[in-house]
Structure formats: structure tokens, C-alpha cells
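Keep in mind that this is a model prediction, so the values were computed, not measured. Letters go in sequence order (proteins before strands), and every chain restarts at 1.
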There are 2 protein chains.
Amino acid sequence: MTLNISSTEQNYIKAIYHLEQNGRPVNTNDLAAQLATTPASVTDMIKKLKQKKLINYKAYYGCTLTENGRKQSLLIIRRHRLWEYFLSKKLGFNWDAIHEIAEELEHVSNTELINKLDAFLGYPKVDPHGDPIPDANGNIATIEHAVLGGGTLGKRYVVAQIGSQLPAVLELLDQKHIKIGTIIEIKKRFDFDQSLEIKAGNKHITQISKELSQHILVKEHE
Amino acid sequence: MTLNISSTEQNYIKAIYHLEQNGRPVNTNDLAAQLATTPASVTDMIKKLKQKKLINYKAYYGCTLTENGRKQSLLIIRRHRLWEYFLSKKLGFNWDAIHEIAEELEHVSNTELINKLDAFLGYPKVDPHGDPIPDANGNIATIEHAVLGGGTLGKRYVVAQIGSQLPAVLELLDQKHIKIGTIIEIKKRFDFDQSLEIKAGNKHITQISKELSQHILVKEHE
DNA sequence: ATAATTATTTAGATTTGTCTAAATTTTTAT
DNA sequence: ATAAAAATTTAGACAAATCTAAATAATTAT
């Protein structure tokens, strides 16, 4: 029998998955902040997830996903990213709108639906933000991209991934014509605020703040 | 401000819409049967829907949709049928599987999503069962097709609509190679049980029961 | 018209997910 | 080491949607 995971429970384990990327067990307050709820509610839900063996949990310490919890999270992320790809590439949505809609679609958990959608889309490897799409077994490619902010003067990079889904970030990138695949050369770095002057797409020069430069993930060109 | 309608409430008004097609106000027991719940639960929910002005309701009498309730129902049905079309025509699902999946997808009620999906699909007029798809304003074409069971011997008909979403019905039709657009000629009618012998698709001869013949909706050929 | 049957509603309880306020534990600062 | 601050949990309550069992109303049959 397959374990039933409610939409709310799905949101929790997905949030735990993302927070776990920081390398530490996930604490109650951070989880509450991430899910825009109260610490008391988190404590309640954590008990239920532990009982379902989706997380390990020690009071006053924090929680981590179990092996099954991690797999379930990755299947949710798979659904989310495939729908994002569909919304962007097939329906023509701008990339700052797709996250919110995919948040709803991801909870429809019919396996055949998702696998047929994957096939229809041509088995994409990454979503429109450059994030890798887990396969049907919950395996995800671990791609370690460097942040543009840490790049070298004069070198050319290719934008591979965006480290944020915030519409505010994506809107700013749109305005600067930066997207996945854009070639960027770092022209100057200003010591005062660590802002960068870059040439984007072999064309225009623009300035980007330190904050923004840390959300642009790149690989070296050629 | 737009009224928020929960998934459960959506299921109720959709069921009321369908039961209302019989021409009578919808009573508690029929609604409970349709939704596989108890009459007591229906009474509770009916009060809430009345308060939201989605239905008219008189105790011990029955309920009908208000103008807004009817519009909301049709927008849900629009979502359902567009997703069915997508599942069938784009993802390649068999028509006996699409209803169940669309039951979940229909609750994602983002208007822009549905309108972009409609455009992507090429503004289809009917879903894979031949049921008309309401437009973005909740207007639905009223197509009155005849049931094959009432047809005339020797005449040729085109299958236009299937009056059931039951997988059992659709499976049977698949087996007999009957789908939307199939040309059918009534060869014989057996008085004993009102079953028919027909020629389907100008090819093979098959027998169909009275029950099945009443779920096949047709228009005249040519 | 009265009894029997059927349909509907009410009363009270349950589950899921949430909250506020108070209590407790842990960590940090002095 | 003790006090203050921060983090977490507990206690108790609430809303949505549901249920069972009992009560009430309407219909039908005699």
C-alpha cells in the first residue's frame, strides 16, 4: 500500500528538503518562516510526519528527511518542475509567473500523468530556472554551479541556473535580458559594494548588485 | 473581491449542475448518492452554499443553482473538459482514464492558466466524450443529440457524444471500436430486449444492448 | 385519517490543520 | 553560574468537512 501524503504534508516535506540543503538539521522556526505559519503549527505537523516515517526528529534539535521522505520530496519537486517547464515552453508563461501555478499543479500526484507529461515535454533535464528535474525514481542530478559574484574579471560565463524563484529577482533579470544560456563577461568589480559591471549576451553593458550576482549561477564558457 | 470556492464546494455545485439537468430541484438524497457521502453532510454543505449565494434552497424541498452558482459550475466544467482534451490529445491517455485525472486538475482555478491552455489546444469546442466546452465567460453551447437507441432502421448516424464517463461504458465502446465520429447504421432491432445489431465505421457488425444504445448520442449522417 | 415508510434535518463527535497564549527548555551574555 | 533572551513545545480553542444516531417532517398506503 502506498502512503498517502496530504497537500499540506507535501508542502512541509518539500520545505524541509530545501532547507536541508544548508547542511544542518531543519529547526522549527526556520520551517515556520518558510511556510508562513507559526512554530506551534510546525511542532504539530512534525509529529505527524515523524509518525509517517517521512522525517527523523528530536525535540529541541531539529529534523531531517528519512530516505523515503527524501524520495517523496523529490517526486513532488519533479512534478513542480515538469509543470513549470510545461507552463513556460508550451503555454508561453513568463518565468516569473510559473512558480505559483506549479505550486498548485504539483499536488496532483498521479504517476502516469507525470510520466506522460515528461515524455510529452521530451524528457527535459532542467526547468526554466535551470534547476535539475528529478527522474521518475526520485533521482536528481547534482549540478554544482558557481555564483557569478565569485567569478573572475575578463572571463566569460554561461548562465546555467537561477538561485531564486522570487518574481522580484526574475523581473530584474528579464529587464537586464539575462536568462538561462546568456553569455556574461565580467568587466569590473567595485570594491565598495561588490557590485559588478558585466557585458550580457555579447551585447549590452549593465551593472548588477552583489545580491543579484549571488543568485546567478554560471558555468565557464566553452 | 472574487468569491473563494473550496474544492469540496466546487464538487457540490458541479454535482448540482449535473443533477439539475433532469429538470427538477436537486434533493438531498440524490446529491448524497452522487457525491458518495451522507445526507447529513449534504444538509450541512447546502447551508454554506446558500449563505454564499451559490444556490437557492428550501428545507424539505430541494436546491437549484443561482445565476452565479451556475456560472461558477460552468467554469469548473470548462476546466475539467479542457484538461480532458489535453490528457487525451496531447498526452495520449485513453478516454476511460481522463475523467478521474481531470477531477483533480479542474480544481486549479487560475484563469490565465485555463485561457492559455484553451489557446494551446486550439480552442476545442467539445471534449473527448463529445461534451461541449464552456467558454471563458461560462457560456455553453446546448447541443441536443438523439440517442442511438431511438434511431431508425437502415438510417446512418454519426456518433457525436457519449452520455457517460463511466470507464465501464468507455471500455465497452473501445472494444466495439465506437468513438466520436464513428458512422453507425442500425441493421436490426430485437423486440425482446430492445438490443440493436449495428454496422460500425462502415465495417464490422456488432450487437449492443439497450442500455449501451442509450449512452451513444448521435446526429444524422450527411 | 392514521400508520408506515421515506426523506431530511439536528445533535453531537471526529479529523485535519491551524491559531494564541502560556510554559518549558536551550542558548547566550554577563 | 546565573540571568536574560531565544527557541520550542504544550494546552486549549477554532474552522472545515465529515460521520453516526436520533429526531422530525413529508409522503404513501391502508
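- Comparing C:dA21, C:dG17, C:dT10 by their closest approach to the side chain of A:Met45 singles out C:dG17.
- The nearest whole Å value for the distance from the NZ atom in A:Lys47 to the P atom in C:dT16 is 15 Å.
- Within the 4.0 Å cut-off from OP1 or OP2 of C:dT6, not a single side-chain nitrogen or oxygen of B:Asn29 is found.
- Taking a pair as Watson-Crick or G-U with both hydrogen-bonding distances under 3.5 Å, the stems of three or more pairs touching DNA chain D are C:1-30 with D:1-30.
- Nearest-nucleotide positions on DNA chain C for A:Glu9 and A:Tyr60 put A:Glu9 closer to the 5' end.
- Using modelled atom types and a 3.5 Å distance limit, the side chains of B:Arg78 and B:Asn115 yield a donor-acceptor pair.
- Among D:dT8, D:dA17, C:dT9, the nucleotide with an atom closest to any side-chain atom of B:Tyr57 is C:dT9.
- Of the side-chain N and O atoms in A:Lys48, one or more sit less than 4.0 angstrom from OP1 or OP2 of C:dG17.
- Closest approach to the B:Thr28 side chain among C:dT16, C:dT9, C:dT18 is made by C:dT9 (side chain taken as heavy atoms from C-beta onward).
- Closest to the A:Thr43 side chain, of the nucleotides D:dC19, C:dC19, D:dT8, is D:dT8.
- Between the CD atom of B:Gln51 and the C1' atom of D:dA16 there is a distance of 13 Å, rounded to whole Å.
- When the options A:His129, A:Glu100, A:Glu84 are evaluated for a side chain to side chain donor-acceptor pair (under 3.5 Å) with A:Gln165, the one that passes is A:His129.
- Comparing A:Thr8 and B:Lys58 along DNA chain C, the residue whose closest nucleotide (by nearest heavy atom) sits nearer the 5' end is B:Lys58.
- For A:Glu20 and A:Arg70, the salt-bridge test fails: no basic side-chain N is under 4.0 Å from an acidic carboxylate O.
- Picking from D:dA17, C:dA21, D:dT8 the nucleotide with the shortest atom distance to the side chain of A:Ala40 gives C:dA21.
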